[in-house]
Amino acid sequence: MKLIMLGAPGAGKGTQAKMIAEKYDIPHISTGDLFRYNMSSGTELGKQVKAYIDKGQLVPDDVTVAMLMDRIGQEDCRKGYVLDGFPRTIQQAEALDDALQKEGTAVDMVIDIEVDDQSIVERMSGRRTCPGCGATYHIVHNAPREEGVCDKCGEKLVSRADDAPETVQNRLNVYHEQTQPLISYYNEQGILKEIDGTMKMDAVFGQITAFIDAM
Ligand code: AP5
Ligand code: MG
Ligand code: ZN
């Protein structure tokens with residue numbers, strides 16, 4: 001089962017992808033998380049991508065595609081995966097399609113989570129993440145039991161550097177220009193499912209699982 005989560009920054013791709021990965025026992029692959037992991041551990045790749053991410057711009061396709069191909073080539077991806085934040089350009093989508101075609105497979109479903117720009121800005125300002133285990137919270141919509149502390153591992157929660165309001169606006173512009181065209185790209189392939197992402201998290205997940213189970 002090969003799934004793609006599509007949607008604006010803050011639409012809930014990561015939140016839903018984590019739940020999908022757990023329920024269907026497939027790896028959750030977030031290119032954003034991979035980049036952040038490389039930045040925090042100070043790798044060459046991390047140094048190379050930091051300036052783009054801090055400004056809310058996309059990392060160049062060649063760098064992103066190489067990292068993603070390496071990841072999906074690993075053993076645990078044989079049973080499938082859920083991609084979160086990749087592809088983000090037509091070029092990335094074509095690179096993925098080409099690679100899968102060579103091994104005689106294809107993407108099974110693309111889940112597009114639709115959320116209006118105004119709700120996005122509110123979501124990002126309230127997002128908190130755990131540097132320890134990667135869990136994501138929202139101060140209003142998904143608050144941890146104890147303010148500022150991760151329920152799962154007890155680490156202190158932080159705000160993402162690129163969630164500053166100016167950067168969020170830039171990320172939204174980049175999304176509309178470069179990523180939104182993927183909606184028609186996958187619609188033409190007949191594998192696109194659209195979901196109203198302004199519903200509560202559990203309701204969004206219910207729709208996603210209904211689509212997957214009907215596949
Ligand atoms: P990435 O990490 O992918 O960021 P993003 O796409 O901007 O998306 P987010 O992670 O911000 O949001 P999300 O949709 O996962 O929402 P979440 O579940 O957290 O990418 C970061 C950067 O890396 C990019 O800007 C780019 O520079 C680079 N990059 C990454 N991939 C790349 C690629 N392929 N090519 C080039 N560059 C790339 O939810 C958000 C908040 O809302 C949370 O607080 C959550 O609790 C809350 N929430 C979730 N669902 C709901 C709900 N239903 N109701 C209310 N609140 C909700
Ligand atoms: Mg995310
Ligand atoms: Zn944690």
Side-chain angles (χ1 to χ4, degrees), residues 1-21 26-36 49 52-53 55-73 77 80-103 105-121 123-124 162 167-199 204-205 207-208 211-212 214-215:
M1 182 160 65
K2 298 185 177 67
L3 307 174
I4 291 176
M5 307 302 294
L6 208 60
K13 301 181 296 296
T15 301
Q16 298 297 330
K18 284 192 187 87
M19 296 197 272
I20 295 170
I26 50 175
H28 163 213
I29 301 176
S30 157
T31 41
D33 287 350
L34 290 172
F35 286 137
R36 280 184 290 279
V49 303
Y52 297 102
I53 293 180
K55 280 185 243 155
Q57 288 167 359
L58 294 186
V59 172
D61 284 336
D62 54 345
V63 176
T64 308
V65 168
M67 177 182 74
L68 193 273
M69 290 303 163
D70 178 66
R71 180 65 190 86
I72 64 175
C77 289
Y81 39 78
V82 51
L83 300 184
D84 157 16
F86 184 99
R88 256 176 152 94
T89 63
I90 296 281
Q91 248 194 311
Q92 292 180 12
E94 288 173 348
L96 178 64
D97 279 351
D98 287 351
L100 293 181
Q101 205 179 8
K102 277 188 195 128
E103 52 179 54
T105 63
V107 175
D108 295 296
M109 191 185 284
V110 178
I111 299 158
D112 173 36
I113 308 183
E114 285 288 333
V115 178
D116 57 284
D117 286 11
Q118 214 179 337
S119 314
I120 296 284
V121 174
R123 280 190 189 182
M124 304 301 232
D162 61 347
T167 316
V168 168
Q169 192 50 56
N170 200 20
R171 286 161 62 198
L172 277 170
N173 296 342
V174 167
Y175 168 76
H176 291 303
E177 280 164 29
Q178 306 197 50
T179 307
Q180 225 167 11
L182 289 175
I183 294 175
S184 18
Y185 178 89
Y186 287 118
N187 200 20
E188 279 160 25
Q189 293 190 9
I191 54 172
L192 186 82
K193 301 287 181 200
E194 275 190 46
I195 290 179
D196 175 4
T198 62
M199 299 184 298
V204 174
F205 189 57
Q207 286 221 347
I208 292 176
F211 281 133
I212 294 175
M215 196 158 69

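- Between Tyr185 and Val110 the shortest side-chain heavy-atom distance does not fall below 4.5 Å.
- In this structure, the side chains of Met1 and Ile212 come closer than 4.5 Å at one or more pairs of heavy atoms.
- Two residues are said to be in side-chain contact when any heavy atoms from C-beta on lie closer than 4.5 Å; Ile208 and Met5 meet this criterion.
- In plain terms, the two heavy atoms of Thr179 and Pro87 that are nearest each other are CG2-O, 4.4 Å.
- Contact detail for Leu68 and Leu83: the closest heavy-atom pair is CD2-CD2, 4.0 Å.
- Tested against Gln92, the residues Thr31, Asp61, Asp97 include a single side-chain hydrogen bond (donor to acceptor under 3.5 Å, both in side chains) partner, Asp61.
- Side-chain atoms of Gln16 and Ile111, non-hydrogen and from C-beta on, never get closer than 4.5 Å to each other.
- Residue Ile90 holds its CD1 atom at 10.5 Å from CD of Gln178, rounded to the nearest 0.5 Å.
- Atom CE of Met124 and atom CZ of Arg171 lie 3.5 Å apart (nearest 0.5 Å).
- Residue Phe205 qualifies as enclosed at atom CZ: its count of foreign heavy atoms under 6.0 Å is above 12.
- Exactly one of Glu177, Gln169, His176 qualifies for a side-chain hydrogen bond (donor to acceptor under 3.5 Å, both in side chains) with Asn173. That residue is Gln169.
- With rounding to the nearest 0.5 angstrom, the CD atom of Glu114 is 8.5 Å from the CG atom of Leu6.
- You'll find the side chain of Ile183 reaches within 4.5 Å of the side chain of Glu194, heavy atoms only.
- Arg123 and Gly12 get closest at one heavy-atom pair: NH1-N, 4.1 Å.
- Of all the heavy atoms in Ala17 and Asp84, the pair that sits closest is CB-CB, 4.1 Å.
- A distance of 10.0 Å separates CD in Gln180 from CG in Leu172, rounded to the nearest 0.5 Å.
- In the model, His28 has no side-chain atom that pairs as donor or acceptor with a side-chain atom of Asp33 under 3.5 Å.
- In terms of heavy atoms, Gly80 sits closest to Lys2 at CA-CG, 4.5 Å.
- Closest of all the heavy-atom pairs between Ala8 and Ile120 is CB-CD1, 4.0 Å.
- With a 6.0 Å radius and a threshold of 12 heavy atoms from other residues, nucleotides or ligands, Glu103 has its CD atom above the threshold.
- Contact of the Thr64 side chain with the Phe86 side chain is registered, since non-hydrogen atoms from C-beta on lie closer than 4.5 Å.
- Annotation: side chain of Tyr52 is not in contact with side chain of Val63 (no heavy-atom distance under 4.5 Å).
- One distance of note links CG of Asp196 with CG of Asp112; it measures 11.0 Å at 0.5 Å rounding.
- Going from atom CZ of Phe35 over to atom CG of Asp162 covers 12.0 Å, rounded to the nearest 0.5 Å.
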